[in-house]
2 protein chains.
Amino acid sequence: MLTIGKLGIAAGVKVPTIRYYEQIGLLPTPDRSAGNQRLYNAKAQHRLAFIRHARDLGFPLEAIRDLLSLSDTPEQYCAAADVIATEQLSAVKARIARLTALQAELERMITQCAKGTIADCRVIEVLSDHELCGEGHGARTATRCAP
Amino acid sequence: MLTIGKLGIAAGVKVPTIRYYEQIGLLPTPDRSAGNQRLYNAKAQHRLAFIRHARDLGFPLEAIRDLLSLSDTPEQYCAAADVIATEQLSAVKARIARLTALQAELERMITQCAKGTIADCRVIEVLSDHELCGEGHGARTATRCAP
DNA sequence: TCTTGAAGCTATAGGTACTAGAGACATTAG
DNA sequence: CTAATGTCTCTAGTACCTATAGCTTCAAGA
């Protein structure tokens, strides 16, 4: 059984964040020690690691709640989870493309910087170019710049 | 000259967000029409598209402010610019590494989830398994995905 | 020209996902 | 046993928007 601090280290999540996840119902209320401290088992650690990775992937907490409920009721089809994952995948690919372009421009700037001023800074041009977006623009947060 | 609504459509940013960016000094105060409506030129549109893309890539507004200062003051000393660019470059590289790992994870998820019910679906397992993280996972804070 | 409906204005409040702080109790290393 | 660290609850604050209210301006059709 892990205390909340150990769990946080194991899963890579800060302690107040764990308590916050419990508060909003993403994590079940854990057992308590004689001194009222939270005690977590391996299953809780698994669940928290899942939440943390999904957040890293850009899933909003509500989507994570849905995914968890799908796994909590395994008789359901997985198509809903697959749809969410596929959406996130295209968003991730678009981000990688734009970051790679920005990386190239920053490297060019740093090289140029070795010789004079940055009079021809093109950072804005590089990152304001919609060509790197894919297509649709102006959707909502999670899927911006991704079909 | 664009009105704020047209600008929002062009750059993929909601109208209240544009006003918010102006309020916090990320966008300069624009000209106004006779009837007090904001009017934007192509330069403002470029700048807003840049902000939006940088936000999409996960840069905090303060980092964006730094990046914009590179192009706002091209005459500034290269040393200062170099510091900003180098800082941002390492942030960009870390993001690319992490996103690439996450892309692999998502692709694996989708493949494994292609058929069947949640009972066979390894979405939760894959996403809670630190072994499948790859490198850049946890770049945001030093302690995430700890051993 | 009038009108009507979308789009703009300011100001304020609310939302998501945390994060930090205070002050008290619990646990553990020396 | 004591000192240091960890955990408890609670409240408040942050970053970054987003929605609402109540008003004014603009543009296009009758």
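Throughout, a chain's letter reflects where its sequence line sits, starting with A, and its residues are numbered from 1. Just so it is clear, the values below take in all heavy atoms, side chains as well, and ignore hydrogens, waters and symmetry mates.
- The side chain to side chain contact (heavy atoms under 4.5 Å, CB included) test applied to B:Q37 returns B:S33, not counting sequence neighbours.
- B:L27 and B:V15 fall within a single hydrophobic cluster, where Ile, Leu, Val, Met, Phe, Trp and Tyr are joined by side-chain heavy atoms under 4.5 Å apart, directly or via other members.
- Rounding to whole angstrom units, CD1 of residue B:I18 and P of D:dT18 are separated by 12 Å.
- A:I51 places its CD1 atom 17 Å from the P atom of C:dT16, with the value rounded to the nearest Å.
- Listed by chain and number, the residues in a salt bridge (Lys or Arg N to Asp or Glu O under 4.0 Å) with A:K6 amount to none (sequence neighbours excluded).
- If you measure from atom CG of A:L7 to atom P of D:dC8, you get 11 Å, rounded to the nearest angstrom.
- Look at A:T17 and you won't find any side-chain N or O under 4.0 angstrom from OP1 or OP2 of C:dA17.
- Rounded to whole Å, the distance from CE on A:M1 to C1' on D:dT7 is 16 Å.
- What separates CG of A:L26 from P of C:dT16 is a distance of 13 Å, to the nearest Å.
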In B/S/- notation (B base, S sugar-phosphate only, - none; protein heavy atoms under 4.0 Å), nucleotides 8-14 of chain C written 5' to 3' is SSB----
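- Annotation: salt bridge (Lys or Arg N to Asp or Glu O under 4.0 Å) contacts involving residues 19-41 of chain A, sequence neighbours excluded, comprise A:E22-A:R38.
- Remark: P of D:dC16 and CD of B:E22 are 18 Å apart, rounded to the nearest angstrom.
- A close approach under 4.0 Å does not occur between any side-chain nitrogen or oxygen of A:Y20 and OP1 or OP2 of C:dT16.
- Here the closest non-hydrogen pair linking A:Y21 and A:L48 is CD1-CD1, 3.8 Å.
- Close to D:dC16, at under 4.0 Å from its OP1 or OP2, lies no side-chain N or O of B:Y21.
- Here B:R65 pairs with B:E62 under the side chain to side chain donor-acceptor pair (under 3.5 Å) rule; sequence neighbours left out.
- Among the protein residues, B:L61 comes within range of the sugar-phosphate backbone only, with heavy atoms under 4.0 Å from sugar or phosphate atoms but none that close to a base.
- A:L48 has its CG atom 16 Å from the P atom of C:dA17, to the nearest Å.
- With sequence neighbours excluded, no residue forms a side chain to side chain donor-acceptor pair (under 3.5 Å) with A:T100.
- Remark: P of D:dA27 and CG of B:L2 are 13 Å apart, rounded to the nearest angstrom.
- Regarding contacts with the backbone of D:dA15, every side-chain N or O of B:R55 stays at 4.0 angstrom or more from both OP1 and OP2.
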